[in-house]
Amino acid sequence: MPFDIYDFSSFTGWIDASLRAAMSPFWTIFTEFVLLGVAFLAFYAVVGLLLVYAERRVCAFMQCRVGPNRVGPWGLFQTVADLIKLLFKELIHIKKADKILFNLAPFIVIIASFFALAAIPFAKGLHAVDLNIGLFYVMAVSSVGVVGILLAGWSSNSKYSLIGAMRSGAQIISYELSVGLSLLVIVVLAGTLQLSEIVELQRDGWFLFKGHLPAVIAFIIFLIASTAEINRGPFDLAEAESELTAGFHTEYSGIKFAFFFLAEYMNMFIVASIAATVFLGGWMPLHIGSWDGFNHIMDYIPPFVWYAGKTAVIIYIIMLFKWTFPRLRIDQLLTLEWKYLLPINLFNILLMAFLVLMGWHF
Amino acid sequence: MLFSYIKGIFKGVGTLFTGMGVTTSYFFRPWTKVTQKYPENRKELKMVEAFKGEVTMPHNANNEHSCTGCGICEINCPNGSIELVTMFLVNEDGKKKKAIDKHIYHLGMCSMCGLCVKTCPSNALAFGNEFEHAVFDRTKLTKVLNKEGSTLKKGVE
Amino acid sequence: MTNEELRKKISEIVPQAVIEEQQYLTVSVEPKYFMTLMPKLKSDSDLALDYMFNVSGVDYGDALGVSYFLTSTKYGHTILVKQKTSDRTKPELETVCHIWKTAEFHEREIFDLYGITFKNHPDMRRIFLEDDWNGHPLRKDYVDEVNMILR
Amino acid sequence: MSENQIVTPPKDIDLDYQDYVINMGPQHPSTHGVMRFLLTLKGETVDNVQPHCGYIHRGIEKMTERLTYPQIVHLTDRLDYLSAHINNEAVCLCVENALQIEVPERVKYIRTIIDELNRIASHQLWWAAFGMDMGALTTFFYGLRDREYILDIFEETTGGRLIQSYNTPGGLMNDLHKDFQTKVKKFIKDFRKVLPEYDRLLTGNVIFTERSKGIGYISKEDAISYGVTGPSGRGSGFACDVRKIAPYSAYDKVQFKEALYTEGDTFARYKVRMDEMWESMNIIEQLIDNIPQGDYAAKMKAVIKLPVGEYYQRVEAARGEFGVHIISDGNKNPYRLKLRSPNFSNLSAINAMAKGHKIADLVAISGSLDLVIPDLDR
């Protein structure tokens with residue numbers, strides 16, 4: 001079995017070839033879909049649980065605490081135990097809730113995050129679908145999640161939920177703009193929407209460094225706007241536990257609540273992945289111009305380690321936001337978007353286009 | 001106008017970074033943790049001497065206490081958490097003397113005000129340091145403070 | 001202002017007021033003179049008793065009364081104004097909550113616990129107890145066999 | 001409530017379909033206890049706030065009518081549990097003044113020091129909870145971490161952490177612990193380093209200042225009229241510090257500044273409390289080395305009976321002016337004991353403060369008033 005940790009395409013190609021040898025093309029594709037589905041489900045669960053654990057540990061360390069430390073070594077199985085608890089909890093049915101929408105909402109939220117996961121390149125060759133409009137696709141499907149949140153708030157027939165849902169509707173739709181425009185800055189620089197190609201283009205330096213000031217501004221705006229888009233503190237107005245108790249998921253319990261919970265962490269992971277891919281070179285090792293010796297040493301670190309490391313750093317920054325800042329008010333949130341991020345962003349695109357036209361980038 | 005707009009942005013972002021600096025500095029200084037791991041540190045955990053955990057009646061090695069059964073603690077208790085069951089003993093001179101049969105203490109009703117300990121004329125009561133009082137049955141919170149077969153200390157009137 | 005000056009000033013406004021010197025200068029007025037006295041206490045520039053720091057309801061046994069503690073943030077003098085009503089079944093007194101806004105909550109509390117209704121109060125409801133509570137607990141003749149254990 | 005009874009809605013709430021009436025509480029993360037606000041909303045904007053209290057009404061005023069004066073003291077702990085020692089002191093001072101007993105100097109000094117420590121501890125908890133109301137979750141742990149040192153000092157001397165019952169009419173329950181002075185000095189030295197960190201984390205933060213400046217404005221006149229006292233009143237420029245107006249214990253022997261701000265908004269109330277922590281440390285430093293030797297309690301009779309009359313004592317609790325009004329008929333029990341709780345008057349101003357602001361601002365305003373519900377309900 002040709003297993004190469006530096007290039008997974010040989011491995012995936014080998015699976016494809018051996019399957020094609022064994023069965024008809026239709027069944028090959030069918031089996032591949034099933035395999036992929038199972039792999040993603042497992043990945044989703046593991047990463048979700050790990051992120052919950054990581055968040056609890058990180059915030060504990062920031063707050064002079066220890067964090068989970070009872071279940072398993074260093075409390076590693078705490079989140080697993082929590083998940084089991086959530087699985088066994090009663091699913092409370094709300095009397096006057098819209099039953100169909102109420103049950104549908106958590107699935108919409110979780111499916112949206114599944115969709116986005118498909119286009120992310122985890123390592124060289126480790127890629128579910130390599131769409132030529134990858135970036136566009138990710139942005140499009142990740143905004144489906146807001147439908148789930150709105151439905152959850154609306155169908156619970158609870159006043160707190162409704163306020164939370166309306167807040168998140170206003171918030172996500174406005175911040176979608178900034179996320180899109182800040183990514184557009186890099187698209188202008190790269191000239192492609194295909195994620196694998198964006199990564200390839202960063203072989204001799206990450207876009208964060210290649211794109212001068214506009215790329216740095218775009219990176220900061222992307223971090224802020226994406227934190228808002230995934231409903232995390234200081235932009236967690238949709239949940240705002242000190243104001244709305246739990247916002248849109250007030251009435252959910254058991255595994256349906258766990259879906260929302262997992263989706264929140266997966267969205268954080270997806271956003272961090274996109275940021276790592278677009279701005280920090282994805283799985284591409286750190287290469288500096290013509291320092292061949294240095295570049296060679298960096299190549300020895302496997303790509304998925306690079307990818308995981310970059311994602312972890314961005315996740316840490318997003319967590320740092322949540323555990324440091326007070327929450328914004330709804331009007332300030334919209335002011336930040338429409339009066340600060342959007343004008344800066346538009347100006348930033350112009351600047352980047354000018355840079356690209358003049359050829360002043362690396 | 002534009003200048004103050006840009007200045008405002010930089011100033012705001014600066015304050016945000018100062019805030020993040022505080023949390024990050026704690027993140028990288030794990031020795032600043034203050035958590036006490038309670039059931040594990042039971043052995044080292046020492047309550048201070050003055051800690052008001054429960055009302056106790058100290059007995060000496062001969063199983064003697066100094067409670068004369070005067071009832072002052074019972075009168076002074078604001079919650080009625082002390083009840084005295086007294087009896088009359090006949091001493092050597094043939095005189096009848098009041099003594100306690102049972103000094104009943106309802107821990108569940110006690111609010112640790114300390115009046116019984118403070119007002120006791122013979123210093124028979126004291127605060128104990130026990131703090132793990134959780135029980136499954138409320139009746140277990142009713143305690144008899146004098147031990148079985150205990151007697152009054154010599155010389156205490 | 002010293003107590004003598006205060007005494008003089010208040011007797012000018014309401015000559016029928018009974019004024020004693022206790023910890024604070026205590027002014028007892030009949031309910032019918034109450035509303036002539038109270039607005040003056042705040043509006044008079046020499047008195048300027050603008051801060052009401054306490055309102056206590058009292059059950060005197062034969063009468064129900066309210067004590068208002070007033071102080072001046074400008075001059076620092078303090079007086080205590082008292083009024084009583086001997087009607088225990090349907091006691092009614094005048095409100096001062098449009099003069100000192102803090103009285104709004106304090107009078108609701110007194111209504112709740114003593115049953116004194118304050119006329120012209122904008123929101124005369126119980127504040128602590130449930131709306132269907134029977135009786136007024138701080139009255140001396142209040143009985144509750146279930147929850148009050150007498151020793 | 002029986003079935004045939006029809007509950008009439010409060011008059012000023014229009015149950016028109018356009019009004020969005022929502023219950024904030026009795027169990028809500030940011031009401032700091034069982035407190036219910038009935039909000040009438042117009043969109044996100046608060047149109048009317050109706051506080052409904054009484055969920056922890058225990059009838060302490062009625063209970064005191066059957067207890068003797070030393071027994072009453074422990075009940076006042078349960079009012080404002082965050083300034084328990086100050087409440088104790090109010091009752092004790094009232095009884096001592098009525099009996100005209102001069103307590104030893106040592107008692108006055110110790111009471112003042114513990115008052116101020118209690119005030120710092122209370123403000124630390126307020127800072128922690130206020131940050132959390134705003135959504136900054138880390139402040140909660142920093143505040144509580146530093147408060148723990150004060151509670152340890154309390155525990156060593158008084159035997160209680162939160163609820164101390166350290167006062168008794170005539171003096172104190174027991175003498176100071178031998179390490180008290182060194183520990184307090186060490187705490188002040190450490191805390192002077194920690195307070196600037198609080199500022200870095202929250203005070204300067206642009207999100208925090210944006211959310212607190214100009215929110216919940218109340219003018220000085222309104223503050224006086226509503227009886228908003230303590231740090232909340234001083235944020236509006238109302239010089240209501242009882243420690244200055246009518247000094248008690250050893251407050252006439254110390255120099256300190258009364259923190260006054262005139263903005264009258266949430267941020268001003270926040271700044272007053274932050275300044276008060278510095279001032280409290282100054283007061284303690286002036287007293288801690290000069291505690292005179294002597295008895296820790298004056299000689300009192302076994303049964304305390306107050307002479308017939310009315311007595312009132314004002315003290316400055318951590319949240320404002322706390323008052324005890326005792327009417328005595330010469331018995332060992334008070335005929336009537338009224339407790340003037342600062343939170344009750346502070347709460348009455350919340351509708352005036354919150355009108356026209358957002359829900360998130362209401363949370364910030366009620367956080368800046370620092371409500372303690374058991375004190376409010378009594």
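Order of the sequence lines fixes the chain letters, A, B, ..., with proteins taken first and strands second; residue numbering starts at 1 for each chain.
Of the two parts of A:Leu328, the backbone and the side chain both hold a non-hydrogen atom closer than 4.5 Å to a non-hydrogen atom of chain D. Looking at D:Leu202, the atoms closer than 4.5 Å to chain A (heavy atoms on both sides) all sit in the side chain, from C-beta outward. For D:Arg211, the parts lying under 4.5 angstrom from a heavy atom of chain A are both the backbone and the side chain. Contact of D:Ile215 with chain A is made through the side chain alone, with heavy-atom distances under 4.5 Å. With a threshold of 4.5 angstrom between heavy atoms, D:Met132 approaches chain A through N, CA, C or O but not through any side-chain atom.
For chain A, the option among D:Val206, D:Thr139, D:Asp361 with the highest count of heavy-atom pairs below 4.5 Å is D:Asp361.
In this structure, the side chain of A:Ser226 engages the main chain of A:Phe222 through a donor-acceptor pair within 3.5 Å.
Side chains of D:Tyr142 and D:Trp127: a donor-acceptor N/O pair is absent below 3.5 angstrom, by distance only. Between the side chains of D:Asn343 and D:Asp375, at least one donor N or O sits under 3.5 Å from an acceptor N or O.
For the atom pair CD (D:Glu210) and CD (A:Gln332), the distance works out to 5.5 Å, reported to the nearest 0.5 Å.
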Exercise for the section: Before giving the answer on side chain to side chain donor-acceptor pair (under 3.5 Å), spell out for D:Tyr55 and D:Arg36 the whole-Å C-alpha distance, their side-chain angles and the decisive distance to 0.1 Å. Expected result: CA-CA 9 Å; D:Tyr55 287 90; D:Arg36 180 155 76 102; 2.9 Å; yes
